[in-house]
2 protein chains.
Amino acid sequence: MRSWHGGTGPARAEDRRVRKSAGPEEGGTVKLTAKGAATRGRIIEGAAAEMRERGVVVTTLDDVRARTGTSKSQLFHYFPGGKEELLLAVARFEADQVLADQRPELGDLTSWGAWLAWRDTVVARYRGQGQQCPLNMLMSQLGRSTPGARAVVAELLDKWQGEIAEGVRAMQRQGEIGPGVDADRSAAALLAGIQGGVVVLLSTGRTTHLEAALDLGIQQLRDSATRRG
Amino acid sequence: MRSWHGGTGPARAEDRRVRKSAGPEEGGTVKLTAKGAATRGRIIEGAAAEMRERGVVVTTLDDVRARTGTSKSQLFHYFPGGKEELLLAVARFEADQVLADQRPELGDLTSWGAWLAWRDTVVARYRGQGQQCPLNMLMSQLGRSTPGARAVVAELLDKWQGEIAEGVRAMQRQGEIGPGVDADRSAAALLAGIQGGVVVLLSTGRTTHLEAALDLGIQQLRDSATRRG
């Protein structure tokens with residue numbers, strides 16, 4: 001499991017900034033010191049754990065302060081936009097977690113064994129999670145149509161699809177997937193199948209659709225190598 | 001477009017009953033007369049139109065009464081459970097609408113022309129709807145995890161998948177889809193792709209994923225006929 005403050009990519013850099021303006025959506029960010037970033041990360045991790053245990057709606061800023069041992073002024077120093085800004089940061093953390101839970105397979109789809117292991121990891125992750133999806137609950141609370149919530153989802157989908165597409169290209173280089181396959185389009189279809197499979201799981205408790213989408217999607221990629229041969 | 005009170009199947013029969021008990025989730029239903037069913041249907045259609053125009057959250061029972069020209073006592077005669085029961089009936093109406101909007105193609109997937117026309121109908125429907133999904137808003141308001149909301153979604157998914165699977169079987173009988181294809185599993189994967197494509201559309205405004213899922217899913221079915229030669 002990747003720690004919140006472990007990465008160094010662009011998304012991490014954004015996490016290291018804190019908004020100075022009133023609203024969480026406005027500009028005006030300032031770099032945090034390493035210690036400040038660690039404290040902010042600790043608050044986010046604690047808030048995420050609290051919200052997973054007790055629910056997003058009922059968790060208050062006081063609950064987060066108590067759990068993370070932070071003062072009111074500290075909390076407002078790191079999250080001047082209040083609960084909404086904290087929720088958005090927790091949503092970004094949970095979105096990162098979605099990808100982290102699929103590693104190392106997702107970042108290394110370079111053999112059919114890795115693809116099948118990834119498939120199993122995805123199914124096990126969502127089966128384990130069941131009908132309680134932290135990111136989904138956060139999105140409900142934030143309002144799915146707010147710019148902040150949309151940005152978190154869009155970024156997650158982009159990264160996820162990009163890593164699947166990278167896997168398709170890796171297999172194409174090995175001749176295991178046909179050269180005519182559009183990697184981005186295949187990754188988009190597979191990602192749609194996963195999202196829809198999770199939607200069905202959240203409504204019905206069954207992983208049938210998630211498994212069917214993954215299995216048939218991967219099968220289609222495998223078949224592509226032999227179709228023209 | 002199928003009228004709310006046009007069908008005769010089991011789902012229609014349930015719509016013709018009205019709960020006599022306090023809560024919308026409890027048993028105790030009574031058959032309505034034809035006139036009563038028509039009035040109840042008119043209230044539901046009016047409430048659905050009002051909620052589509054003004055939003056689910058802000059629409060009050062008084063708004064529904066004003067639009068449908070019904071008295072307070074009439075409204076509570078047909079929906080003794082109040083707004084929650086009405087919301088559930090509107091959700092069922094909107095769920096039926098999802099399928100009705102895909103007809104006649106969905107119920108008649110007996111040629112590749114019909115499959116492609118259906119694909120275009122689904123994409124056009126959701127593109128036209130954009131980021132405002134009435135059923136999704138109703139589910140948010142009802143609470144996705146409530147038994148009533150879950151039942152509406154489960155029934156919609158079952159019917160939808162069943163009709164796609166029926167189309168797969170029809171094409172298998174014509175030799176256009178390979179005999180080894182599991183119709184239910186293929187329909188489940190295709191349905192997952194549609195659901196996920198809509199989820200992505202609701203977050204990003206783009207139909208790319210919906211189209212990729214439908215196109216690759218249908219392509220896989222077409223390819224199955226020639227794979228075994």
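Quick note: numbers below take in every heavy atom, side chains included, and nothing from hydrogens, waters or symmetry partners. Keep in mind that this is a model prediction, so the values were computed, not measured. First the proteins, then the strands, lettered A, B, ... as listed; each starts at 1.
- Contacts between residues 199-206 of chain A and chain B, counted as heavy-atom pairs separated by less than 4.5 Å, involve A:Val199, A:Val200, A:Leu202, A:Ser203, A:Thr204, A:Arg206.
- Scanning residues 208-216 of chain A against chain B with a 4.5 Å heavy-atom cutoff picks out A:His209, A:Glu211, A:Ala212, A:Ala213, A:Asp215, A:Leu216, ordered by number.
- Chain B forms the most heavy-atom pairs under 4.5 Å with one residue out of A:Met139, A:Gln195, A:Gln220, and that residue is A:Gln220.
- Rounding to the nearest 0.5 angstrom, the gap separating the OG atom in B:Ser224 from the CD atom in A:Gln219 is 12.0 Å.
- Here A:Arg173 pairs with A:Glu166, A:Arg169, A:Ala170 under the side-chain contact (heavy atoms from CB on, under 4.5 Å) rule; sequence neighbours left out.
- Within residues 106-127 of chain B, no residue has any heavy atom under 4.5 Å from a heavy atom of chain A.
- With chain A as the partner, the residue from B:Ser186, B:Gly217, B:Gly197, B:Gly193 showing the most heavy-atom pairs under 4.5 Å is B:Gly193.
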